[in-house]
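Naming: A, B, ... by sequence-line order, numbering from 1 per chain.
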Amino acid sequence: METTNGQNGSTKGALPLLTKKDFESGVDPRWCPGCGDFSIINQVQKLMPNVGVPREKIVFISGIGCSSRFPYYMNNYGMHTLHGRAPSFASGLKISRPDLMVWVVTGDGDALAIGGNHFIHVMRRNMDIKLVMFNNRIYGLTKGQVSPTSELGKKTKTTPYGSPDYPFNPPALALGAGATFVARAVDVEGVHMGQMLKAAADHKGSAYVEVYQNCPVFNDGAYTYMTEKAVRAESILRMEQGKPLLFGKDNKKGIRFNPQTVHLEVVTLGENGITEKDILVHDATHSDPTIAFMLANLTGKPGFPTPIGVFRDVRLPTCDELTWQQIEEVTAKKGQGTLEKLLTSGETWTVK
Amino acid sequence: METTNGQNGSTKGALPLLTKKDFESGVDPRWCPGCGDFSIINQVQKLMPNVGVPREKIVFISGIGCSSRFPYYMNNYGMHTLHGRAPSFASGLKISRPDLMVWVVTGDGDALAIGGNHFIHVMRRNMDIKLVMFNNRIYGLTKGQVSPTSELGKKTKTTPYGSPDYPFNPPALALGAGATFVARAVDVEGVHMGQMLKAAADHKGSAYVEVYQNCPVFNDGAYTYMTEKAVRAESILRMEQGKPLLFGKDNKKGIRFNPQTVHLEVVTLGENGITEKDILVHDATHSDPTIAFMLANLTGKPGFPTPIGVFRDVRLPTCDELTWQQIEEVTAKKGQGTLEKLLTSGETWTVK
Amino acid sequence: MSTPATPSSRKVQQVDAVTIRFVGDSGDGMQLTGTEFTKASALAGNDLATFPDYPAEIRAPAGSLFGVSGYQLNFSSKDIHTPGDQPDVLVAMNPAAFKTNVADLKVGGMLVVNAGAFTEQNLAKAGYKSNPLEDAAVQQNYQVCAVDITQLTQLALEGSGLSSKEIARCGNYFALGLMFWLYNRDTAHEIENINKKFAKKPPIAAANVAVFKAGYNYGETAEVFRGTFEVPAAKLAPGVYRNMTGNFATALGFAAVARQTGKQVFLGSYPITPATEILHEMSYLKEHGVVTYQAEDEIAGIGSAIGASFGGALAATTTSGPGLALKAEMIGLACIAELPIVIVNVQRGGPSTGMPTKTEQADLLFALFGRHGECPVPVIAAQSPADCFYAAMEAMKTAVKWMTPVILLTDGYLANGSEPFRIPDAAALPQVEIKYETAQNGENGEYLPYKRDAKLVRPWAIPGTPGLEHRIGGLEKDSLTGMVSYDGNNHEKMVRTRAAKVANVVEDVPDLTVTGPAKGKVLLLSWGGTYGSVRTTAELLQAEGRSVAHAHLRWLNPLPKNLGAVLRSYEKVLVPEVNSGQLAFYLRGSFPGVDPVQFNRINGKPLKVAELAAATRELL
Amino acid sequence: MSTPATPSSRKVQQVDAVTIRFVGDSGDGMQLTGTEFTKASALAGNDLATFPDYPAEIRAPAGSLFGVSGYQLNFSSKDIHTPGDQPDVLVAMNPAAFKTNVADLKVGGMLVVNAGAFTEQNLAKAGYKSNPLEDAAVQQNYQVCAVDITQLTQLALEGSGLSSKEIARCGNYFALGLMFWLYNRDTAHEIENINKKFAKKPPIAAANVAVFKAGYNYGETAEVFRGTFEVPAAKLAPGVYRNMTGNFATALGFAAVARQTGKQVFLGSYPITPATEILHEMSYLKEHGVVTYQAEDEIAGIGSAIGASFGGALAATTTSGPGLALKAEMIGLACIAELPIVIVNVQRGGPSTGMPTKTEQADLLFALFGRHGECPVPVIAAQSPADCFYAAMEAMKTAVKWMTPVILLTDGYLANGSEPFRIPDAAALPQVEIKYETAQNGENGEYLPYKRDAKLVRPWAIPGTPGLEHRIGGLEKDSLTGMVSYDGNNHEKMVRTRAAKVANVVEDVPDLTVTGPAKGKVLLLSWGGTYGSVRTTAELLQAEGRSVAHAHLRWLNPLPKNLGAVLRSYEKVLVPEVNSGQLAFYLRGSFPGVDPVQFNRINGKPLKVAELAAATRELL
Ligand SMILES: Cc1ncc(C[n+]2csc(CCOP(=O)(O)OP(=O)(O)O)c2C)c(N)n1
Ligand SMILES: Cc1ncc(C[n+]2csc(CCOP(=O)(O)OP(=O)(O)O)c2C)c(N)n1
Ligand code: SF4
Ligand code: SF4
Ligand SMILES: [Mg+2]
Ligand SMILES: [Mg+2]
């Protein structure tokens, strides 16, 4: 069948039982010792046996960067493409082969600097692609230049006196572009990361997972402000569907929506009459992306914890679904084309 | 002085009194009869004498498209560049020449299809550039293909059976990218458009003005749903700083923030106890972009009017300011460089 | 409904070939008029070639010089290859159209003008102080038939109840009717067409029919024309024909491959003049196995195609100069990854945005050398509008057979020009075979994506095939496993292997055939869209009994095996190009000692036979 | 602090030139060791050339083959042009480094290895079953000095209180000390350097000094070395020198133009190996009138530069192959708009992502022809690391004088290689004049942006200049006003004018000079980074008394006026290139009848003198 060039394999029936090992290509990763990328690939390889898709129908596509070496280490079909362009290959492959599960692995520079346009468009179209961005807030492979997620004033090899650029807030950008699934994880929290990746895998449509990743060589400690044992409880807000947004040690603090200021604020349970029912209950399934956007904007806001978890998860028809639905409708209406019909369509005349 | 290559002209002292006419290049616009672009250039030319910058220091830069022919018709310095790339030229010019006032004129395809990356980055950096996007929801110059702002299902020459792509909500995208000024105007409301353009001119930093523009040839009536006399009052929400968000004939309807649902809703004054003080008061100057984003998301939402006016207007140091501040600091610290110093810096040895 | 007056009793003159150019405002419907007359000529069995000339602006102000739109048609009883150098008949609907085109009209040619449009205001818009029709020179040089089409149209539609705007729009049918009379065309069929075309708006249909007849009858009754003409049917190969532009033919060619193979053809493109229609046309062919994707930019367009190709689709991307520039990096990836894909470049006037609606051949060297590193790709150029069909099939066939990106060059003239296309029977079409790898090919039961066959072609294993999971990318790769390799000798080997593979494609490149003497004074060597003009020039000079031969290069890389020998068989080789001499340079670089004479025009138009013939005579 | 033992009493052997290669793990600090030894050799007055060879990975696992990092240094009492074909001395810090480099060591050469690192585990990582040092062949072919650097370093730092990790990091200073002893280098100065370098960490400084001395003393006391060597000072032109890599020199060259003219130099770039350091270096030069902007991608990088150029800045963009591909459309705009800008392309292994850290010359045809439409631009190629300084100045001078984009080609070898640079006095530098138009130039007091001077150069009027407001763009433009024009003849005129202007640049292109016989058997013609190897080869063969001349092409477009004549003065022309023969093709295309012999390597390394000499001898 044209969709799949006759090599469909089968998602039907029981899949062979595979383990993490089956998804290791056998090439040892060439990342620096201590690189956060290791913990990410570890979670991805753990997840693969449980996504309900045969191994040969899972494709990993990356751009260029340390992070983008990823596909070489996965025992799937994979493409290591061009800097910033991975989503374009992925989109073409997914439209052409909706039977495949397509993942994009990318970095903050790859996805948001040179690749920014493909990134926002793949989100806009709600293409059924899972995009995982390793955000180390630096260009790793080229040895330490400022990236679109580096902080204002950051000193790097290209900004020796500090960067004059404001960073993107990636989840906010994705939401602004129309992403139907947006989540954030941290390299040092493997289990949570695994949950986020699973949620992305289960989401039908464009899924964006930002992973805070430490680059010990060129941007070491970029996330210690939130990952250090001592501060973690106070500085991380764990968003869980249907649960109140509580944080802090023994969850005494919470996020409340203040109707007066029309903004979010941090409150403490028990203090001036605040009880758990004052706390905003997390709902990632809202069709309107505003609350997700509001939470995304807590990132880096003085006095607020950094949210991790699923910001948004909404099911809408995907670009690939709509495309094939249309192809089937037209074909049903006009009948399967033939070479004959094709060539003789339109106005003709005969010469004897 | 290096900033300005010694041709600074002067913004100090009184400017020569100029009129709209002084900003007409004398080339007659080659837009189709009835094109919305005419009303836009009319407002821009009216505004120019009042922006407080000498004519020779105002530069218009465009990409490619019907809209992008704009600079040829303005009697300023101008560049008609490449499809989608206008913001990149503008950014280089502004960083190099902070003394200039730089405008970008672009279309929905130019800015958001091929130019999407430069668009989000110019917004992210808060570069002091005013970007006016003529949104006709179609590719005009190439004669009618789907654009990133065309509606889902839209039939065009490249989508004869309807488009499978969701459109961008441009103000939401700009806000997601970090824009400090975002406004919307409509071609048929000249006076209001003029106010929006003036506000953009007065804003220091990246300013995005979306203008709904009718393309009578390839997408005629794209905005009649809101601009028709009969429906206008009900279907347009005029956002004014410090004023309650009222609309409808004799402003009986309003936008209220519902703390329960944490969402906006339409209410009617006088009905079940609603008074003006229940209505959300518009404040574009909030540092948190969430409310602006929420309003942007009313666009096209069933049962809601389409907001026009200023969504956001926040002053932050601009990329060009930060860049030159740094250059001055370094120069002050190290002293003005000389050829001598430059060549002999670093480790040297002498051969007799 | 009364049928028009029976054909004139006045004398009917037989002629071999006629070139008519219809010119008017963008709003005057000249493209429609031209196409309708073309259809009628086709039905009359003429061979023909057409060439529209649009303004760059969508709808320039009425009456403006830059708003003039034209359509030229050459129809003949002989077999022809060009829309003609100079029109024999110029139909001009207003002063601006007259001014911008009259210089091209053959001296002694027939000038039909809508006198009604030569108003003070229109004359001013065209920059005339006085009415040029009264100008003695004009009267002397041409057979001037000034007809007040505006008024006659109004008369014909009196009481039709149509608005004056609607009435004005019917004027082009008056001109069409007049031409139908002048060339004795079948009006009944045209009337059907009109009724079909405006089926949704009967009053408009009726009006156009009425005006069409009025035009026809005007010719019959008014005494302005000496007589009518007849262009006998040409001796075309028997078969079913349709008229096709190059862009339509390209779209059809790709779709034909989909139908032939039962595989998906995937087109990932971004609109750009003059290539956009290929995407338009293919977007309609959903039931024919064609999937189209309008990407956010040219880079994503080819990216999506390469992605689809990795998935096993027969992938293509279509663009023009500026877009080809943006795709350069991606072509390099397809080259090193060795994935099949066709890049169609419809050449237009450059550099930069240049002259989007004008034709040019200046992307040849760019197509050959326009990538960083050693990055050879096969390059094919179509030679006529209908040939785009076969060129597209051939390009796709080459891509999948050799696992390589292939560049197909056409140009603005081929893209928008049209000619009759004889519908081939399926069996006669070039066959395209597609073979996906399904089994491991390594000693130890592993899959080696870069293990090559005797022709140096690597296998194509696509996702969904169990056990063949593999990774490919843009870094240099080990010559078997495809894994990243920084080994210098491996790199040298891979560079040479990729080059050798593309060189091997020569086995599919037919030897160059020459029309005319096998040895002699001058060889005219054409490539791409200049085929028609050069061929016509050669025939002309051969008819003059001169020692002139013609050969045409369809393959630019690899070059035909016998090319060097052919070039060396003539005293002089003349290379006519619509550029500054790119093929000439390429030939010098490829065949030491060969030093062609150049004939270059770069004015946005197809080459003129008369000019080329004159230049050739000087070499004899 | 006790100074090291006084130089050896043992015999000191004089030698002309020595090539040392330091190799070890990325973590072993070989780049530092190499640079320090280079400085010392420079201070000793030697001429020198260096070439580092990094792994592509940032920090590959310790001991792995692909993680080996190397630094080669050639220092001499004569004037030299290359880092040397084969090392005389190889210092290898572990088995992986040994394995990947030993094959290059001269037979009979000195092999210094850290025996302490040849552990089971490291041997396994390098894929050795047994210890290769015990291998008879190795012992026969080389003077093996197996020193347990690991252990000796630990001994030297006993009680230093440093962690074993910190101690391990000092090992490279042992090797450095040993080499200082072997070549009688000034230790005092190096000790200063160490103390400066680690001023912030005194314990580390002390440790490195101790280990450095230990290495030096080891040479003195241990009986492993037959004696020490001395390379006398070279006869370099008197003056102040500094050592520079090509990338640093390029940055300095642009900054020099800023200082010279008092105008702003603007660099808009996007990082890419091996060009990134140019952006790094220029980012530090804020007080020197340099403005740098790291754009979101390569397209925006050159876009920002063109925008700045419109504003009057001296604008440049720096990149490598893939980036040049992305900039192609933009270069076309600068060409048609006629705005000055320099595009620096640091060539690397291609196609596609290829071999980012390896050198290549395969972007020549791309630089010449890599744009759609007729789009000529001047192309200059730097010939040595220090020459990048002058090449950058010259490129910028050409851009602003002729109002055109200029492509400057360097390569990975020039970019990372280094050599001494004699600091010129300001007066001696090529002068760059900048003239902005300040007055109307039209008959009627208007400003005509495309009204040209005698050399066909258009004026440069920049925003801020009252009365000269004008618009430019990428569409074809009227030859005076610059307004959009679709007129075919105007287009033809503009295409020819732009070509003629670039051809006129030849007035600034010095005639080609030849070293060696003015006529004769073989001419070696080099371009770009192969200058050093080819020049050295020519000198070698001339010393053998052979009829071999050498000429070097710095200008690729326009080509020097006398090039054709020079090429025709020799029986054979040999063109050595690190590509598949791009210059050779270009010469054939440009000079009918000229058919150079090719010598091509494409293995990511500079050409080897020995190989080229052998190939040349065969032609004699
Ligand atoms: C077209 C192109 N431009 C630039 C580069 C150089 N380059 C490679 S990776 C990279 C940035 C990597 O940063 P990121 O995407 O954050 O990945 P990381 O290495 O940090 O994981 C750059 C600039 C390239 N390979 N190709
Ligand atoms: C690199 C490149 N790609 C494509 C084109 C063709 N092109 C010109 S304008 C345009 C789209 C214009 O749409 P928009 O930006 O909305 O402007 P409008 O004409 O609607 O005002 C396209 C695709 C081009 N000129 N250059
Ligand atoms: S440079 Fe940073 S991101 Fe890249 S592999 Fe090393 S640690 Fe990881
Ligand atoms: S095509 Fe549409 S947008 Fe373009 S000029 Fe005409 S009316 Fe305006
Ligand atoms: Mg990164
Ligand atoms: Mg538009």
Side-chain angles (χ1 to χ4, degrees), chain A residues 84 95 112-121 124-126 148 152-153 159-169 171-178 257-259 261-264 280 283 286 288-291 293-294 296-297 301 316-327 329-330, chain B residues 84 95 112-121 124-126 148 152-153 159-169 171-178 257-259 261-264 280 283 286 288-291 293-294 296-297 301 316-327 329-330:
Chain A
I95 289 267
L112 300 180
I114 193 169
N117 203 32
H118 312 304
F119 175 78
I120 58 178
H121 281 273
R124 164 176 80 90
R125 293 192 177 102
N126 194 33
L152 183 70
T159 57
Y161 303 108
S163 168
D165 292 356
Y166 295 84
F168 277 130
N169 178 344
L173 179 64
L175 291 165
F257 186 88
N258 180 328
T261 63
V262 207
H263 279 80
L264 297 178
L280 186 62
D283 179 7
H286 245 305
D288 185 310
T290 301
I291 298 301
F293 186 80
M294 189 177 272
N297 277 289
K301 204 174 202 174
L316 288 176
T318 67
C319 185
D320 43 299
E321 285 174 331
L322 293 165
T323 301
W324 282 94
Q325 183 185 322
Q326 188 175 79
I327 291 172
E329 283 164 11
V330 172
Chain B
I95 289 267
L112 301 181
I114 192 169
N117 203 32
H118 312 305
F119 175 78
I120 58 177
H121 281 273
R124 165 176 79 91
R125 292 192 177 100
N126 195 31
L152 183 70
T159 55
Y161 304 107
S163 166
D165 292 356
Y166 294 85
F168 277 129
N169 178 342
L173 179 64
L175 291 165
F257 187 89
N258 180 327
T261 64
V262 206
H263 279 79
L264 297 179
L280 186 63
D283 180 6
H286 245 304
D288 185 311
T290 302
I291 298 302
F293 186 81
M294 190 177 269
N297 278 288
K301 203 173 201 174
L316 288 174
T318 67
C319 183
D320 43 301
E321 286 175 330
L322 293 165
T323 301
W324 281 93
Q325 184 185 320
Q326 188 174 78
I327 290 171
E329 283 165 12
V330 173

If we define contacts as heavy-atom pairs under 4.5 Å, which of B/Asp283, B/Leu264, B/Leu112 has the most with chain A? B/Leu112
Identify which of A/Gly153, A/Gly178, A/Gly162 forms the greatest number of heavy-atom pairs closer than 4.5 Å to chain B. A/Gly162
Do you know which of A/Pro167, A/Gly115, A/Pro289 has the most heavy-atom pairs under 4.5 Å to chain B? A/Pro289
Calculate, to the nearest 0.5 Å, the distance between atoms OG1 and CG belonging to A/Thr290 and B/Asn297 respectively. 4.5 Å
When rounded to the nearest 0.5 angstrom, what is the spacing between CG in B/Asn126 and CG in A/Leu152? 10.0 Å
Side chain to side chain donor-acceptor pair (under 3.5 Å) partners of A/Asn169, counting only residues at least two apart: none
For A/Pro164, the option from B/Asp320, B/Ile327, B/Thr323 that meets side-chain contact (heavy atoms from CB on, under 4.5 Å): B/Thr323
Hey, is the main chain of B/Ala113 close enough, under 3.5 Å, to the side chain of A/Asn117 for a donor-acceptor pair? yes
For B/Asp165, is there any backbone N or O sitting under 3.5 Å from a side-chain donor or acceptor partner on A/Arg124? no
Chain B contact via [X] - which portion, at a heavy-atom distance below 4.5 Å:
| X | answer |
| --- | --- |
| A/His286 | side chain |
| A/Leu316 | both |
| A/Tyr166 | both |
| A/Val262 | both |

What part of [X] is in contact with chain A, defined as an atom under 4.5 angstrom from a non-hydrogen atom: side chain, backbone, both or neither?
| X | value |
| --- | --- |
| B/Leu280 | side chain |
| B/Leu173 | both |
| B/Pro171 | neither |

Go through the structure and list residues passing side-chain contact (heavy atoms from CB on, under 4.5 Å) with B/Gln325, not counting sequence neighbours. B/Leu322, B/Glu329
Taking the side chain as C-beta and beyond, is there a heavy-atom pair between B/His121 and A/Phe168 under 4.5 Å? yes
